[in-house]
Amino acid sequence: MNDAARALFDLSGTVTLVTGGNGGIGQGIADGLADAGASVVIAARNEDKTAAAVAAIESRGGTALGVACDVNVRADLEAAVSRCESEYGRLDILVNNAGVARGGPAETIAEEDWQLVIDTNLSSLLWASQVAYPHLKASGRGKVINIASEYSLFGSPRAIAYSSSKGGVVQLTKSLAVGWAEAGIQVNAIVPGWITTDMTAPAKNNETFYDGIIYRTPAGRFGEPDELAGAGVFLASHASDFVTGVVLPVDGGYAAG
Ligand code: NDP
C-alpha cells in the first residue's frame with residue numbers, strides 16, 4: 001500500500017468516542033479505529049467491561065480510556081465529551097453504538113420497556129450527537145457513525161420497540177447528514193447483520209431460531225464483532241469524506257436477500 005492509500009484510512013491524531021464500546025460490536029469497531037491510529041474513549045456503564053476493553057486496546061498498541069456513562073443521562077454524555085477534550089484536546093468521531101433489546105410484541109409490550117428502548121436506541125443518539133456537534137465541527141473532519149439494524153429495514157413482530165427505534169436511527173442519520181453536511185460532518189449508519197455478541201446469545205442458543213437466521217443469511221453464518229471494523233474505519237476516515245447519509249449493511253448479504 002502506498003502513502004496516498006494509507007493516508008485515506010489513517011486515523012492518527014484523531015479522537016473517537018464509542019458509546020457501549022466495552023463489548024460486542026462497539027468493541028469490534030473501537031479496536032479497529034484504535035488499530036488505524038485513533039485514540040479511543042469508551043463510554044459505557046459496566047466499569048469492569050470497560051476496563052477490560054481499554055486494556056485490550058492498549059495490549060494491541062493503541063491508546064484508550066474509559067468513562068462511566070449512561071447514554072440516557074445527558075450529564076454523562078457531556079462528561080464523556082469533555083473527557084475527550086481534556087485528555088486528548090479534540091473529538092473527531094462519534095460512534096453511537098450503545099443499544100438494548102427488550103420488550104416484546106405490540107400486543108403486550110410494557111410502556112416502560114418501550115420507553116427505555118426508544119430512549120437508549122434512538123433518543124440518546126440525537127443527544128450524544130448534539131453534545132458532540134461543536135467539537136465535531138471544530139475538528140474539520142467530524143464523523144458520526146450510528147449503529148442501526150436489519151430491523152431498521154424489516155419489521156419485527158417479536159420486538160416492536162427495537163425495530164421502531166432502529167427504523168428511527170435511519171431517518172435520524174439521514175436528517176443529521178443533510179443538516180450537518182455544510183459543517184463538514186459526515187453522518188452515516190452501519191446495519192449489522194446477525195453478529196455474535198451478548199445481545200444475540202439467546203438467539204444463538206435457540207436452535208430453531210438460529211437455523212432460521214442461518215437459512216435467511218446468504219453467507220450462511222453469524223458475523224463476528226471484528227468484522228465491523230473495516231466499515232467503521234472507512235466511515236471514520238478521509239476515505240468517506242464525500243459519503244454521508246448512507247446506510248451500509250455489513251450482514252453477509254441479509255439485506256440483499
Ligand atoms: P451488547 O449487548 O454486547 O452491547 C451493547 C452495549 O451497549 C454494551 O456494551 C452496553 O454497555 C451498552 N449499553 C446499553 N445500554 C447503555 C446505556 N444506557 N448507557 C451506556 N451504554 C449502554 O450488544 P451488541 O454489541 O450486539 O450491540 C451493539 C449495538 O449493535 C446495539 O445498538 C445493537 O442494537 C446493535 N446491533 C446488534 C446486532 C447483533 O447481531 N449483535 C445486529 C444489529 C444491531 P454496558 O454493559 O456497560 O451497559
Side-chain angles (χ1 to χ4, degrees), residues 17-32 40-54 56 66-80 94-103 113 115-125 127-128 145-154 156 158-159 161-170 172-173 189-206 209-210 213-214 216-217 219 221-229 231-232 247-252 254-255:
L17 177 63
V18 185
T19 69
N22 60 3
I25 287 171
Q27 188 171 355
I29 292 174
D31 287 350
V40 176
V41 176
I42 292 175
R45 296 172 302 183
N46 183 315
E47 295 185 22
D48 291 341
K49 279 170 57 188
T50 299
V54 167
V67 292
C69 173
D70 182 334
V71 294
N72 294 322
V73 177
R74 189 182 176 94
D76 285 4
L77 295 172
E78 290 171 347
L94 170 65
V95 182
N96 281 315
N97 162 80
V100 290
R102 73 157 68 182
D113 285 339
Q115 200 57 57
L116 180 74
V117 173
I118 297 294
D119 286 348
T120 309
N121 294 7
L122 177 58
S123 305
S124 84
L125 280 63
W127 306 131
I145 303 170
N146 293 326
I147 305 304
S149 160
E150 299 294 350
Y151 291 140
S152 301
L153 313 175
F154 305 106
S156 167
R158 299 164 59 102
Y162 187 81
S163 56
S164 300
S165 68
K166 293 294 186 178
V169 170
V170 168
L172 177 69
T173 299
I190 294 173
V191 168
W194 285 86
I195 310 296
T196 306
T197 68
D198 290 349
M199 185 179 282
T200 55
K204 238 183 162 173
N205 294 331
N206 177 332
F209 194 56
Y210 175 77
I213 294 166
I214 298 305
R216 173 75 179 78
T217 303
R221 64 175 177 86
F222 270 51
E224 300 303 318
D226 63 2
E227 295 188 275
L228 280 299
V247 178
L248 174 62
V250 180
D251 66 354
Y254 190 104

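Atoms within a ligand are numbered from 1 in the order they appear, just like the ligands themselves. This is a predicted model, so every value here is computed, not measured.
Against a heavy-atom cut-off of under 4.0 Å, T200 is close to the following atoms of ligand 1: 39 (C), 40 (O), 41 (N). Atoms of ligand 1 lying under 4.0 Å from any heavy atom of G20, numbered from 1 in the order shown and given with element: 6 (C), 7 (O), 9 (O), 12 (C). With ligand atoms numbered from 1 in the order given, ligand 1 contributes 40 (O) to contacts under 4.0 Å with heavy atoms of W194. Close approach of ligand 1 to P192 (heavy-atom distance below 4.0 Å) involves ligand atoms 42 (C), 43 (C), 44 (C). Remark: ligand 1 atoms within the under-4.0 Å shell around heavy atoms of I25 are 25 (O), 30 (O), 36 (N), 37 (C), 38 (C), 39 (C), 41 (N). Of all atoms in ligand 1, numbered sequentially from 1 with element shown, those under 4.0 Å from a heavy atom of D70 are 17 (C), 18 (N), 19 (N). With ligand atoms numbered from 1 in the order given, ligand 1 contributes 18 (N) to contacts under 4.0 Å with heavy atoms of N72. Within ligand 1, the atoms closer than 4.0 Å to a non-hydrogen atom of N46 are 45 (P), 46 (O), 47 (O), numbered from 1 in the order shown.
For atom 9 (O) of ligand 1, the nearest non-hydrogen atom of the protein is N22 OD1, 2.5 Å.
Residue contacts with ligand 1: A148 is included, with a non-hydrogen atom under 4.0 Å away. In this structure, Y162 is part of the shell of residues with a heavy atom less than 4.0 angstrom from ligand 1. Contact between G21 and ligand 1 is absent, with no heavy atom of the residue lying under 4.0 Å from the ligand.
Contacts between A101 and ligand 1 below 4.0 angstrom, taking non-hydrogen atoms only, are absent altogether. Counting heavy atoms closer than 4.0 Å to ligand 1, residue T197 contributes side-chain atoms (C-beta onward) but none from N, CA, C or O. By the criterion of a heavy-atom distance under 4.0 Å, the side chain of K166, and not its backbone, is placed next to ligand 1. Contacts with ligand 1 closer than 4.0 Å are made by no heavy atom of E150, backbone or side chain.
Rounding to the nearest 0.5 Å places CG of N146 at 4.5 Å from CG of L125. Here the straight-line distance linking atom CD1 of I42 with atom SG of C69 works out to 12.0 Å at 0.5 Å rounding. Rounding to the nearest 0.5 angstrom, the gap separating the CG atom in L116 from the CG atom in N72 is 6.0 Å.
N96 and S124 share no donor-acceptor pair across their side chains, judged by distance under 3.5 Å alone.
In this structure, I29 and I147 have side chains that are in contact, with non-hydrogen atoms separated by less than 4.5 Å. Using a 4.5 Å cut-off on side-chain heavy atoms (C-beta onward), D76 and V71 make no contact.
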Report task. Decide yes or no on side chain to side chain contact (heavy atoms under 4.5 Å, CB included) for S156 and Y162, but give the supporting numbers first. Result -> CA-CA 8 Å; S156 167; Y162 187 81; over 6 Å; no
Query - side chain to side chain contact (heavy atoms under 4.5 Å, CB included) between W194 and Y210, worked out - result: CA-CA 10 Å; W194 285 86; Y210 175 77; over 6 Å; no
Report task. Just do the side chain to side chain donor-acceptor pair (under 3.5 Å) check on D251 and T217 with the steps written out, would you? Result -> CA-CA 8 Å; D251 66 354; T217 303; over 6 Å; no
Requested in this report: Go through the steps to decide whether E227 and R221 satisfy the test salt bridge (Lys or Arg N to Asp or Glu O under 4.0 Å), and finish with yes or no.
Outcome: CA-CA 12 Å; E227 295 188 275; R221 64 175 177 86; 2.9 Å; yes
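Closest to atom 31 (C) of ligand 1 by heavy atom, among I147, N97, V169, is N97. Considering L77, I195, D119, V100 only, the shortest heavy-atom separation from atom 40 (O) of ligand 1 involves I195. Closest heavy-atom approach to atom 13 (N) of ligand 1 among the candidates A128, A98, G26: A98.
For N97 (side chain) and G20 (main-chain N/O), a donor-acceptor pair under 3.5 Å exists by modelled atom type.
Shown here, atom 23 (O) of ligand 1 is in close reach of the protein: a heavy atom of it lies under 4.0 Å off.
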